[in-house]
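A quick write-up on the structure given underneath.
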Amino acid sequence: ESARGIGTSVITVYIPPKNQISQTVAMLNNEFGTAANIKSHTNKISVQGAITAALGRLKLINRVPTNGLMLFSGTVLTEDGKEKKLTLDLEPIKPVSRSLYLCDNK
């Protein structure tokens, strides 16, 4: 909750239980191409790096868990002001009701 990215360097992906990993991989590959249009070189590299890390994490997951999956990936600032690459995948307590892709700073 307290992790903050720089610019739009953090992506959030929600995958409902009925969706397949392959659908999300296809969507992220499409977003990777879209990120190539970001004008800021630093932001472009950050977003594409976050998407690449998310895709790498999804390769390790065979199927969407019972309650769905929440995936967070990107470069965040630590409390001491240093940058740290972070990729988290969580199975929520309550089922995820909708798909979401968000590129933001948190």
Side-chain angles (χ1 to χ4, degrees):
E1 187 173 298
S2 64
R4 294 260 178 221
I6 304 165
T8 54
S9 60
V10 177
I11 64 167
T12 301
V13 180
Y14 290 178
I15 309 171
K18 66 182 185 303
N19 285 24
Q20 295 184 6
I21 297 292
S22 60
Q23 290 174 298
T24 305
V25 167
M27 181 271 302
L28 286 175
N29 281 323
N30 184 47
E31 290 296 333
F32 187 90
T34 302
N37 296 326
I38 296 173
K39 291 180 183 176
S40 165
H41 179 72
T42 304
N43 263 3
K44 180 189 321 184
I45 297 301
S46 294
V47 170
Q48 289 181 327
I51 292 171
T52 300
L55 287 167
R57 181 62 59 97
L58 287 174
K59 285 182 183 179
L60 303 174
I61 301 170
N62 295 326
R63 62 178 184 80
V64 178
T66 307
N67 286 338
L69 186 68
M70 299 168 75
L71 182 65
F72 306 94
S73 181
T75 304
V76 297
L77 288 175
T78 61
E79 289 181 5
D80 58 355
K82 295 182 180 179
E83 290 184 12
K84 179 179 180 181
K85 289 187 178 185
L86 186 66
T87 303
L88 297 170
D89 60 275
L90 307 167
E91 181 179 357
I93 296 171
K94 295 182 180 179
V96 174
S97 60
R98 64 185 177 111
S99 293
L100 173 74
Y101 169 78
L102 181 66
C103 188
D104 203 350
N105 69 342
K106 52 189 170 194

> Mind checking whether V13 and L58 have side chains closer than 4.5 Å, heavy atoms only?
Replying inline: no
> Should S99 and P16 count as side-chain neighbours, where that means a heavy-atom distance under 4.5 Å?
Replying inline: yes
>> For the CD atom of Q48 and the CG atom of L55, what is their distance to the nearest 0.5 Å?
In response: 11.5 Å
>> Within this structure, what is the CZ-CG distance for the pair F72 and L86, rounded to the nearest 0.5 Å?
In response: 10.0 Å
> Is the backbone N or O of V25 less than 3.5 Å from a side-chain atom of N29, with the two atoms forming a donor-acceptor pair by type?
Replying inline: yes
> Can you name the nearest heavy-atom pair linking P92 to L90, along with the distance?
Replying inline: CD-O, 3.5 Å
> Between S73 (side chain) and T87 (backbone), is there a donor-acceptor pair under 3.5 Å?
Replying inline: no
> What are the two closest heavy atoms between R57 and D89, and how far apart are they?
Replying inline: NH1-OD1, 2.5 Å
>> Is there a side-chain contact between N19 and L69 in this structure, where contact means two heavy atoms from C-beta onward sitting under 4.5 Å apart?
In response: no
> Looking only at heavy atoms, which two atoms of I21 and V64 are closest? And how far apart?
Replying inline: CD1-CG2, 3.8 Å
> Between atom CG of N37 and atom NZ of K44, what is the distance when rounded to the nearest 0.5 Å?
Replying inline: 8.0 Å
>> Please find the pair of heavy atoms, one from F32 and one from T52, that lie closest to each other, and give the distance.
In response: CE1-OG1, 3.5 Å
>> With rounding to the nearest 0.5 angstrom, report the OH to OG1 distance, Y101 to T24.
In response: 12.0 Å
> What closest approach, in Å, do N43 and I38 show between heavy atoms, and which atom pair accounts for it?
Replying inline: CB-CG2, 3.9 Å
>> If the condition is side-chain hydrogen bond (donor to acceptor under 3.5 Å, both in side chains), which residues does N62 pass it with, not counting sequence neighbours?
In response: none
> How long is the span from the CD1 atom in I45 to the OG1 atom in T42, to the nearest 0.5 Å?
Replying inline: 8.0 Å
>> For I11 versus C103, what's the shortest heavy-atom pair and its separation?
In response: CG2-SG, 4.1 Å
> Can you tell me how far CG of L100 sits from CG of L71, rounded to the nearest 0.5 angstrom?
Replying inline: 11.0 Å
> Does Y14 reach the side chain of L102, with side-chain heavy atoms less than 4.5 Å apart?
Replying inline: no
